[in-house]
Visitor: 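Quick one: structure below, then a few questions.
Throughout, residue positions are numbered sequentially from 1 according to the sequence presented. Predicted model, so just to flag it, every value in this text is computed and none were measured. The analysis underlying the following values was restricted to heavy atoms, covering all of them including side chains, and did not include hydrogens, waters or symmetry mates.
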Amino acid sequence: MSGRRQLLLVLLVFLGPLVVAAWLYFGSGGWKPTGTSNHGTLLEPIVNLSDVLPGSALVELGNTSWLLVYSAGGPCDDACQNALVRLRQSRLMLGNEMSRVQRVFLHGPVAPDRVFVEEQHPGLITIRDRGLAELLERKRPAQIASGGIYLIDPLTNLVMYFSPELDPREMVEDLKHLLELSRIG
């Protein structure tokens with residue numbers, strides 16, 4: 001076999017799969033990967049809270065951590081208290097990475113019982129921000145139940161929504177994956 005044929009064969013072996021994959025992904029228009037590994041719902045397009053709500057109490061925290069935000073419009077009933085426990089347990093399940101995540105309770109006009117928060121949920125940040133609550137509700141996918149947990153990155157980008165039916169272990173799996181890949185917060 002001549003040197004030119006050998007070179008073409010080597011190029012075909014190495015570049016052939018790349019060309020076929022690029023054609024399948026970009027050129028044919030018919031095949032794109034459909035599966036994802038995340039359990040939460042990515043909120044697209046990404047919204048930066050600093051840009052949209054510059055005066056928000058959450059933005060003013062000057063945070064450098066990932067935030068898990070639970071929003072409740074009314075008094076903290078049983079569902080709310082269960083969500084706060086889920087929020088606390090999920091953060092604890094992160095183990096060594098839990099210092100990179102803070103919990104935020106975005107409450108309505110009625111502030112939560114201070115004793116309840118201090119005894120049951122130490123470290124929980126409680127704020128009232130009507131504009132933020134409205135934005136979060138608008139960004140939540142309509143087909144997914146309300147009462148879930150939002151994820152905000154250290155750059156104040158609204159990233160993900162975890163539905164209330166989602167198993168906390170799956171939420172923690174997503175969080176661990178993000179924290180592993182992230183160089184911020």
Visitor: Is there a side-chain contact between Met160 and Asp174 (heavy atoms, below 4.5 Å)?
Guide: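 They are in side-chain contact.
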Visitor: Quick one: are Leu49 and Leu135 in side-chain contact, heavy atoms under 4.5 Å?
Guide: yes
Visitor: What distance separates His177 NE2 from Ser182 OG, expressed to the nearest 0.5 Å?
Guide: 11.5 Å
Visitor: Measure the shortest side-chain to side-chain distance between Ile125 and Gln102 over non-hydrogen atoms and say whether it is less than 4.5 angstrom.
Guide: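 Yes, at least one pair of side-chain atoms sits under 4.5 Å.
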Visitor: Take Ser146 and Arg140, measure what side chain to side chain contact (heavy atoms under 4.5 Å, CB included) needs, and give me the verdict at the end.
Guide: CA-CA 8 Å; Ser146 63; Arg140 180 183 53 81; 3.6 Å; yes
Visitor: What closest approach, in Å, do Gly73 and Pro109 show between heavy atoms, and which atom pair accounts for it?
Guide: O-CD, 3.4 Å
Visitor: Other residues, nucleotides and ligands only: do more than 12 of their heavy atoms fall within 6.0 Å of CG on Asn96?
Guide: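 No - once you tally the heavy atoms of other residues, nucleotides and ligands closer than 6.0 Å, there are 12 at most.
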Visitor: Which value, rounded to the nearest 0.5 Å, describes the distance between Tyr70 atom OH and Leu84 atom CG?
Guide: 7.0 Å
Visitor: Would you tell me whether Asn157 and Asn48 have side-chain atoms, one donor and one acceptor, within less than 3.5 Å of each other?
Guide: yes
Visitor: Is there side-chain contact between Phe105 and Cys80, with at least one heavy-atom pair below 4.5 Å?
Guide: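 Yes; the side chains approach each other to less than 4.5 Å.
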Visitor: Leu179 vs Val101, test: side chain to side chain contact (heavy atoms under 4.5 Å, CB included). Steps then yes/no.
Guide: CA-CA 9 Å; Leu179 292 172; Val101 178; 3.9 Å; yes
Visitor: Any chain of hydrophobic side-chain contacts (each under 4.5 Å) joining Val69 to Ile46?
Guide: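 No; tracing contacts between hydrophobic side chains, which count when under 4.5 Å, never links both residues.
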Visitor: How many angstroms lie between CZ in Arg103 and CE in Met98, if you round to the nearest 0.5 Å?
Guide: 9.5 Å
Visitor: Please round to the nearest 0.5 Å and tell me the distance separating atom CE of Met171 and atom CG of Leu87.
Guide: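 With rounding to 0.5 Å, CE (Met171) is 6.5 Å from CG (Leu87).
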Visitor: Does Ile152 reach the side chain of Leu58, with side-chain heavy atoms less than 4.5 Å apart?
Guide: yes
Visitor: Mark yes or no for whether Arg130, through its side chain, and Gly108, through its backbone, hold a donor-acceptor pair below 3.5 Å.
Guide: no
Visitor: Do the charged groups of Lys176 and Glu173 touch, with an N to O distance under 4.0 Å?
Guide: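 Glu173 and Lys176: not salt-bridged.
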Visitor: If you take all heavy atoms of Ala145 and Tyr161, which pair is closest and at what distance?
Guide: O-OH, 2.6 Å
Visitor: Any non-hydrogen side-chain atom of Leu178 less than 4.5 Å from a side-chain atom of Leu151?
Guide: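 Side chain of Leu178 against side chain of Leu151, heavy atoms only: contact under 4.5 Å found.
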Visitor: Can any side-chain N or O of Lys139 pair as donor or acceptor with the backbone N or O of Pro45 at less than 3.5 Å?
Guide: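 Yes, because the side chain of Lys139 sits within donor-acceptor range (under 3.5 Å) of the backbone of Pro45.
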Visitor: Are the side chains of Leu92 and Gln89 in contact, using a 4.5 Å heavy-atom criterion?
Guide: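 SC-SC contact between Gln89 and Leu92 confirmed.
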Visitor: Would a line drawn from the ring center of His121 to the ring center of Phe116 be shorter than 6.0 Å?
Guide: yes
Visitor: Roughly how far, to the nearest 0.5 Å, is the CG atom of Asp153 from the CH2 atom of Trp66?
Guide: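 These two atoms lie 5.0 Å from each other.
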Visitor: Group every Ile, Leu, Val, Met, Phe, Trp and Tyr by side-chain heavy-atom contacts under 4.5 Å, then state whether Leu9 and Val19 land in the same group.
Guide: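 No, it is not one cluster - the side chains of Leu9 and Val19 are not joined through contacts under 4.5 Å.
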Visitor: Rounded at 0.5 Å granularity, tell me how far CG in Asp113 sits from CD in Gln81.
Guide: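 If we round to the nearest 0.5 Å, Asp113:CG and Gln81:CD are 9.0 Å apart.
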Visitor: Where do Thr126 and Val117 land on the side chain to side chain contact (heavy atoms under 4.5 Å, CB included) test, with the steps shown first?
Guide: CA-CA 9 Å; Thr126 60; Val117 170; 4.3 Å; yes
Visitor: Measuring only between side-chain heavy atoms, which start at C-beta, is Arg86 closer than 4.5 Å to Ile149?
Guide: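 Arg86 reaches Ile149 side chain to side chain.
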Visitor: Arg100 side chain to Ser65 main-chain N or O, any donor-acceptor pair under 3.5 Å?
Guide: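 No, the answer is negative, given that no donor and acceptor are paired below the 3.5 Å cut-off.
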Visitor: Indicate, with yes or no, if Met93 and Val85 share a hydrophobic cluster defined by side-chain heavy-atom contacts under 4.5 Å among Ile, Leu, Val, Met, Phe, Trp and Tyr.
Guide: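 No: no chain of side-chain contacts under 4.5 Å links Val85 to Met93.
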Visitor: For Leu106 and Leu136, what are the C-alpha separation, side-chain angles and deciding distance, and is it a side chain to side chain contact (heavy atoms under 4.5 Å, CB included)?
Guide: CA-CA 10 Å; Leu106 185 60; Leu136 293 178; 3.7 Å; yes
Visitor: Return yes if some donor-acceptor pair links the side-chain N/O of Tyr150 with the main-chain N/O of Leu158 below 3.5 Å, else return no.
Guide: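 Not confirmed, Tyr150 side chain does not pair with Leu158 backbone.
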Visitor: Can you see which heavy atom on Pro168 is nearest to which on Ser90, and at what distance?
Guide: CB-OG, 3.9 Å
